[in-house]
Amino acid sequence: MLVLSRRVGESVVIGDSVTVTVLDVRGDVVRIGIDAPRSVSVNRAELLAELESSNRAAASPAEETVSALAEQLRKRR
């Protein structure tokens with residue numbers, strides 16, 4: 001991880017097309033602006049973690065559901 005110090009108005013350029021600029025600093029909150037092409041997705045890390053968690057939950061059926069389905073399949077035979 002690269003760690004940099006920047007002041008308000010200063011920027012960091014990532015690759016050829018992404019610019020991150022410090023807009024404001026108030027106490028322990030830093031406002032940043034990100035200028036990137038539409039083809040580059042920019043997301044907050046906590047939202048991605050929440051999305052991954054909900055996707056895992058949706059893709060994993062409850063154990064009761066699996067047991068009930070297995071029981072139904074046994075009865076068919």
Side-chain angles (χ1 to χ4, degrees):
M1 175 186 302
L2 174 64
V3 179
L4 299 171
S5 296
R6 302 278 77 201
R7 289 187 167 86
V8 173
E10 294 181 332
S11 300
V12 174
V13 178
I14 301 171
D16 293 329
S17 59
V18 178
T19 302
V20 179
T21 304
V22 177
L23 300 176
D24 190 25
V25 178
R26 291 184 187 165
D28 63 347
V29 176
V30 179
R31 291 182 62 225
I32 60 171
I34 301 169
D35 185 22
R38 290 190 184 272
S39 61
V40 175
S41 96
V42 178
N43 297 292
R44 296 185 315 184
E46 66 274 12
L47 292 180
L48 289 177
E50 185 178 323
L51 179 62
E52 181 181 344
S53 174
S54 64
N55 283 345
R56 287 181 191 263
S60 302
E63 194 170 319
E64 301 160 348
T65 304
V66 174
S67 297
L69 180 58
E71 183 63 31
Q72 290 296 322
L73 290 172
R74 276 188 232 117
K75 286 180 181 178
R76 286 181 104 185
R77 293 182 183 177

Between V18 and I34, is any pair of side-chain heavy atoms under 4.5 Å apart?
-> yes
Joint cluster assignment, V13 & V30, ILVMFWY side-chain distance < 4.5 Å | no
Should the heavy atoms of other residues, nucleotides or ligands under 6.0 Å from CD of E50 be counted, would the total exceed 12?
-> no
Could you state whether V20 and V25 fall into the same hydrophobic cluster, counting links through intermediate Ile, Leu, Val, Met, Phe, Trp or Tyr residues with side-chain heavy atoms under 4.5 angstrom apart?
-> yes
Tell me, with the steps shown, if L4 and V12 meet side chain to side chain contact (heavy atoms under 4.5 Å, CB included).
-> CA-CA 9 Å; L4 299 171; V12 174; 3.6 Å; yes
Which atom pair, heavy atoms only, marks the closest approach of P37 to S17?
-> CD-O, 3.3 Å
Correct closest heavy-atom pair for R7 and V22 would be O-CB, 3.7 Å
Group every Ile, Leu, Val, Met, Phe, Trp and Tyr by side-chain heavy-atom contacts under 4.5 Å, then state whether V29 and I32 land in the same group.
-> no
To the nearest 0.5 angstrom, please state how far the CD atom of E71 sits from the CZ atom of R76.
-> 13.5 Å
For the student: nearest non-hydrogen atoms of L23 and V8, plus distance = O-CG1, 3.3 Å
Is there a donor in the side chain of S53 and an acceptor in the side chain of N55, or the other way round, less than 3.5 Å apart?
-> no
Gap separating the CD1 atom of I14 from the CG atom of L2, nearest 0.5 angstrom | 9.0 Å
Check: P61 main-chain N/O paired with T65 side-chain donor or acceptor under 3.5 Å | no
Just how far is it from atom CG of L73 to atom NZ of K75, taken to the nearest 0.5 Å?
-> 11.0 Å
Rounded to the nearest 0.5 Å, what separation is found between the CG atom of L51 and the CD atom of E46?
-> 12.5 Å
Nearest 0.5 Å please: distance from the OG1 atom of T21 over to the CZ atom of R31.
-> 12.0 Å
